[in-house]
Amino acid sequence: MTIENDEENPRYIDAVAAALDTAQFDAVALTDLDELKHLDLDEAYQAQHLILSRRIARGESLSGVKLGFTSEAKMAQMGVDELIVGQLTDAMRVEDDGTLDLAGFIHPRVEPEIAFRLSRDVDPTDPTTDLWSAIDGVAAALEVIDSRYEGFSFTLPGVVADNTSAAAYAIGTWHPTTVDLADVPISIRVADELRAEGSTAAILGNPLNVLPRLVTLAARYGLELTEGSVILAGAATAATALNAGKVEAHVAGLGSVSFRAVGGVA
Ligand code: OOG
Ligand code: MG
């Protein structure tokens with residue numbers, strides 16, 4: 001089906017959102033989505049918001065935001081070169097030391113991350129906003145990504161519409177913001193195998209540098225930064241395939257976060 005790119009009536013935005021939401025819900029990858037061709041970046045964020053509205057209508061609530069493509073390793077792996085932002089919900093949350101059932105995922109990957117915790121509501125459109133001053137905790141994190149596109153193959157608007165492949169996340173113990181995060185070792189293991197290791201400096205030179213970038217993106221694309229929210233800074237290393245077994249990220253100074261992945265991919 002082809003829909004004309006009529007700015008007065010961008011029904012293709014709804015079509016993209018519905019297709020991606022259904023693909024996630026049913027854990028069946030999309031092979032062909034013609035309407036995607038029409039989507040620019042602004043419209044991709046509109047589609048992302050529509051997906052989150054559908055999830056909220058199913059009883060989920062927003063729990064945070066996540067940055068994507070904040071490191072060279074991720075940009076090179078996925079063939080894109082611009083920062084993106086997606087949204088997290090409580091349904092994606094996995095307890096530290098908890099269990100994640102892989103049924104319900106398409107082709108999940110996992111990556112080691114840094115999380116920030118927001119101590120108060122922040123207005124990203126306020127030019128005086130200093131997001132760092134609103135952060136009251138930092139932690140090691142794991143992010144599970146699961147593109148709704150076959151083969152994890154997408155364009156920049158495509159991955160933005162797909163809520164930046166967000167699928168699940170786990171947060172380790174919160175630490176005070178005095179912990180040095182600028183250039184410390186970060187690694188990920190799956191089923192006792194070291195899959196990737198690097199430095200937090202790979203994240204824009206220092207993970208703290210994602211915060212002003214997030215403010216800009218949140219203001220431009222209408223994302224909320226609310227008290228208690230989690231902010232994932234983006235992976236420092238390439239993502240690795242998620243299969244059954246213990247999954248653990250370690251960040252020097254922040255310790256470890258883990259979960260046990262069980263079952264098979266649908
Ligand atoms: C998009 C998600 C990117 C990150 O940490 O860079 C991301 C993808 O790679 O499918 O979460
Ligand atoms: Mg990520």
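Order of appearance sets the numbers: ligands from 1, and atoms from 1 within every ligand. The first residue of the sequence shown is numbered 1, and numbering continues consecutively from there. Model, not experiment: these values are computed from the prediction.
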* To do: Give the intermediate values and the outcome of side chain to side chain contact (heavy atoms under 4.5 Å, CB included) for residues Ile171 and Asp96.
  => CA-CA 6 Å; Ile171 308 288; Asp96 185 13; over 6 Å; no
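Taking 4.0 Å as the cut-off between side-chain N and carboxylate O, Asp192 and Arg189 do not count as a salt-bridged pair. Under the 4.0 Å criterion applied to side-chain N and carboxylate O atoms, Lys74 and Asp81 are not assigned as salt-bridge partners. A salt bridge links Glu193 with Arg195; the closest basic N to acidic carboxylate O contact falls under 4.0 Å.
No heavy atom of Gln77 sits closer than 4.0 Å to any atom of ligand 1.
The shortest N/O to N/O separation between Phe152 and ligand 1 does not fall below 3.5 Å. Looking at Phe69 next to ligand 1, an N or O pair under 3.5 Å apart turns up.
No side-chain heavy atom of Asp136 sits under 4.5 Å from any side-chain heavy atom of Thr177. Counting only heavy atoms from C-beta outward, the side chains of Phe116 and Leu181 approach each other to under 4.5 Å.
Of all the N, O or S atoms in Glu111, the one closest to the Mg ion (ligand 2) is OE2.
Atom 8 (C) of ligand 1 has its closest protein heavy atom at Ser165 OG, 3.5 Å.
Remark: among candidates Glu111, Glu143, Lys74, the nearest residue to atom 5 (O) of ligand 1 is Glu111, based on non-hydrogen atoms. Of the candidates Val80, Val85, Leu83, Thr164, it is Thr164 that places a heavy atom closest to atom 2 (C) of ligand 1.
Rounded to 10°, the angle formed at the Mg ion (ligand 2) by Glu113 OE2 and Glu143 OE1 is 100°.
For Val159, every heavy-atom contact with ligand 1 shorter than 4.0 Å involves the side chain, none the backbone. With a 4.0 Å cut-off on non-hydrogen atoms, Ser147 does not touch ligand 1 at all.
In this pair, Tyr45 and Tyr221 present their aromatic rings parallel. The plane angle is below 30°, not in the 30 to 60° band.
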